[in-house]
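Proteins get letters first, then strands, A, B, ... in listed order; numbering begins at 1 in each.
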Number of protein chains: 2
Amino acid sequence: MKIKDIAKLAGVSPATVSRVMNNSGYVIDEKRKAVEKVIAEVGYTPNEIAKSLKNRKTNIIGVIVPKISTETASRVVDGITEVAKAHDCQILIANTDLQIEEEIKSLKFLSNRLVDGIIMMATEVTEQHYKVAKGISVPIVMVGQQVDGYPSIIHDDYHAAKAMMKHILAKGHQEIGFIGVSPHDIAVGIKRKQAYLDALSEAKLEVDDQLIAIGNFSIESGYEQMEKILAHKQPTAVMAVTDQLAIGAIHCIRDHRLTVPEDISITGMGDGKLSKYFIPPLTTVRLHHKTTGIMAAKNLFTLIENGYVKNEMVVDFSLRIRESVDEKEK
Amino acid sequence: MKIKDIAKLAGVSPATVSRVMNNSGYVIDEKRKAVEKVIAEVGYTPNEIAKSLKNRKTNIIGVIVPKISTETASRVVDGITEVAKAHDCQILIANTDLQIEEEIKSLKFLSNRLVDGIIMMATEVTEQHYKVAKGISVPIVMVGQQVDGYPSIIHDDYHAAKAMMKHILAKGHQEIGFIGVSPHDIAVGIKRKQAYLDALSEAKLEVDDQLIAIGNFSIESGYEQMEKILAHKQPTAVMAVTDQLAIGAIHCIRDHRLTVPEDISITGMGDGKLSKYFIPPLTTVRLHHKTTGIMAAKNLFTLIENGYVKNEMVVDFSLRIRESVDEKEK
DNA sequence: TTGTATGCGTTATCAT
DNA sequence: ATGATAACGCATACAA
């Protein structure tokens, strides 16, 4: 069923049908009624593809995510959805499964007029990303990393981690371990570590390499890295760069017949849904992922509409002090 | 840059360019090379919208989810992504935020030739859903609920819950509480409860209404419902219909200065990422959500290609016996 | 106020 | 083997 058919049934021209569908131009009431009647009767809905081709606008925004089944990513997408809905816009998700090649491919594919704009959540932005992105005509906003020349919404990873460290230090800890993640991930791997290092030096504490362990994003990795640290030393506190890592570490500590936080204090980052309900409730810092998504989408829409937007926005964090950190008595 | 421009630059006709892009028809090697050269030089990529209009195929499948930031939904989407990728297909997600009206709207919108098929993950399928779905020409597969006339991929909620109950019964428990969810959700609200009831009656145990509490899907609700039960009784075991509910319940029990599993055993369902790492590690049953997504997508593609597919498939579950259930000594 | 005709970028048919 | 052209379904400029 196409516009022509409706026109025939209603005894008007296709143009008139189009006009009533879009409330554009002048249509005498009588004909409008007739058209609406036919539309209702046959349940006509326009072909969105044809509309898109004509209008050069799809009302779809593309979202490139490394892995949707991750609390971080899905919360961001939740935020994006919220504002997309307000703009009557659908979202097309490219779930790249952390494959760089897939990210590039998606970027190219989506940009071919399939979407009106792209939100890219990359853990790592390579030269190749950059080159492809530059050749793309649809607006792009980056999430999670500052990328030159693109509006970027980033978490204040550095200060969030620093705040966490300050909390630990304020509790009197001096031997503080660190469980991190590969520097491929700039935000989590580099910035959070730098905050740890700086906090230590600002407190005039030595950096001890044996207290630093680098793993990946899994709970298991948290366990292993903690194991590695305990093989050499027993810090009084450990900052993990992620809630999952923290939980893994706690398990390891427990398996060593030590307790959290009495023997070793632990902190995470992210404030996952369950962290509050963990035993002990995890002291962590909440990164406002949904807010990130909301801001990214808002920026994208103003970028689409105005062609311009502020270049970098950093979203807030908030310490969540719970029970996994203890006072260290001297 | 469109096909016409490439044609001009390469000194051939648009048709020829199209032919080399799609490897269709005959093109003499010399011209093919010329065209490929131009394409590479200018970085031409075809307009996907125009292709879709012409081909009546978008290579996009629509996925309607109640809430993407849910472990269940995002795992299913992960599975869908995996097979979509194998079919060179993108996925368009409509995140309905549990709004029935949004689901209907998405269903209508997506079906207008915007997608080649739809996977619908509905918690509740109303008469209205049904009516709209019937008027839609693109193939639909349902996930999570059996819907007459549509291929459906469902979890074996009934038997999974029953297996859980049998495990509890085998451990010698006789006073078993139940924390459930509203019957609006057929799979979780109705089937799992029925399994509880049947297991009890098969074991010749009385159903005690004071041991049954119905909440929603949140951790907090698990806490509140457990509170409600403890106000009247102290069962030796409680089956929660969801891991989150179970975790809430455990917190409540702990706040009553009781311990899990020594005083009260608890089980969940779902096997969330963290359930294994909870203290105590949660005995639960794993529903294979990713597999569900994979099967749904596979079915959708064969439906698109062959027009036919088996009507109902139920995906496996597996008991995860961990430490939240204790032997009840008589 | 309405209708006709054209074009959006592609593919496919039909001559050549 | 290749090119001209129609068609996909819609919106719009322009004519009436």
Legend entry - Nucleotide nearest A:Leu53 (side chain, heavy atoms from C-beta), chosen from D:dG9, C:dA12, D:dC10: D:dG9
Inset, instruction - May I have the distance from B:Asn23 (atom CG) to C:dT11 (atom P), rounded to whole angstrom? - result: 12 Å
Inset, instruction - Among D:dG9, C:dT13, D:dA11, find the nucleotide with the atom closest to the side chain of A:Asn55. - result: D:dA11
Legend entry - Side-chain touch A:Phe217/A:Asp185, heavy atoms, less than 4.5 angstrom: yes
Inset, instruction - Please indicate whether B:Lys85 has more than 12 foreign heavy atoms, meaning atoms of other residues, nucleotides or ligands, lying under 6.0 Å from its NZ. - result: yes
Legend entry - Side chain of B:Lys51 (C-beta onward), nearest among D:dG3, C:dG3, C:dT10: C:dT10
Inset, instruction - Could you say whether B:Ala50 or B:Ser24 is positioned toward the 5' end of DNA chain C, judged by the nucleotide with the nearest heavy atom to each? - result: B:Ala50
Legend entry - OP1 or OP2 of D:dG3 under 4.0 Å from side-chain N/O of B:Tyr26: no
Legend entry - Donor-acceptor pair (no angle test) under 3.5 Å: B:Lys54 side chain, D:dA7 base: yes
Inset, instruction - Note down the inter-axis angle between the two ends of the helix from C:dT1-D:dA16 to C:dT16-D:dA1, five pairs each, to the nearest 10°. - result: 50°
Legend entry - A:Arg75 atom CZ, neighbour heavy-atom count above 12 within 6.0 Å: yes
Inset, instruction - Report which part of the nucleic acid A:Ser18 touches: base, sugar-phosphate, or nothing (heavy-atom distance under 4.0 Å, all strands). - result: base
Inset, instruction - Rounded to the nearest angstrom, tell me the gap between atom CD1 in B:Ile3 and atom P in C:dC8. - result: 14 Å
Inset, instruction - Could you work out which one of D:dG3, D:dA1, D:dC10 sits closest to the side chain of A:Pro46? - result: D:dC10
Inset, instruction - Hey, could you give me the CD1/OG1 distance between A:Ile61 and A:Thr81, rounded to the nearest 0.5 Å? - result: 8.5 Å
Inset, instruction - Would you check if B:His289 and B:His155 make a side-chain contact, meaning some heavy-atom pair closer than 4.5 Å? - result: yes
Legend entry - Under 4.0 angstrom between B:Ser13 side-chain N/O and D:dA4 OP1 or OP2: no
Inset, instruction - Round to a whole Å and report the spacing from CD1 of A:Ile39 to C1' of D:dC10. - result: 13 Å
Legend entry - Distance test, side-chain N/O of B:Thr16 to OP1/OP2 of D:dG3, below 4.0 Å: yes
Legend entry - Basic-acidic side-chain contact under 4.0 Å: B:Lys105, B:Glu102: yes
Inset, instruction - Measure the distance from CG on B:Asp5 to P on C:dG9 and round it to the nearest whole Å. - result: 9 Å
Legend entry - Point-to-point distance, once rounded to the nearest 0.5 Å, from CD of A:Glu71 to OG of B:Ser74: 9.0 Å
Inset, instruction - Check whether any side-chain heavy atom of B:Ile104 lies under 4.5 Å from a side-chain heavy atom of B:His129, and answer yes or no. - result: yes
Inset, instruction - Just compare D:dA11, C:dT10, D:dC10 and give me whichever is closest to any side-chain atom of B:Lys2. - result: C:dT10
Inset, instruction - Go through C:dT10, D:dC8, D:dA4 for me and flag the one nearest to the B:Arg56 side chain. - result: D:dC8
Inset, instruction - Answer with base, sugar-phosphate or nothing: what part of the nucleic acid does A:Lys4 contact at a heavy-atom distance below 4.0 Å? - result: nothing
Legend entry - Pairwise distance OG1(B:Thr292) to CD1(B:Ile119) - rounded to 0.5 angstrom: 11.0 Å
Legend entry - Given C:dT2, C:dG9, D:dC10, the nucleotide with the shortest approach to the side chain of A:Asn47: D:dC10
Inset, instruction - Starting at atom CD of A:Glu48, determine the distance to atom P of D:dC10, rounded to an integer number of angstrom. - result: 9 Å
Legend entry - Whole angstrom value for the distance that separates C1' of C:dG3 from NZ of A:Lys31: 9 Å
Legend entry - Side chain of A:Ala15 (C-beta onward), nearest among D:dC8, C:dG9, C:dG3: C:dG3
Legend entry - Residue whose closest nucleotide on DNA chain D lies nearer the 5' end, A:Thr45 versus B:Pro14: B:Pro14
Inset, instruction - For the side chain of B:Arg19, starting at C-beta, report the closest nucleotide among D:dA1, D:dG3, C:dT2. - result: D:dG3
Inset, instruction - State whether A:Lys57 places a side-chain N or O below 4.0 Å from either non-bridging phosphate oxygen (OP1 or OP2) of D:dC10. - result: no
Legend entry - Spacing of B:Leu114 atom CG relative to D:dG9 atom P, expressed in whole Å: 14 Å
Legend entry - Separation of C:dG9 P from A:Arg113 CZ (nearest whole Å): 7 Å
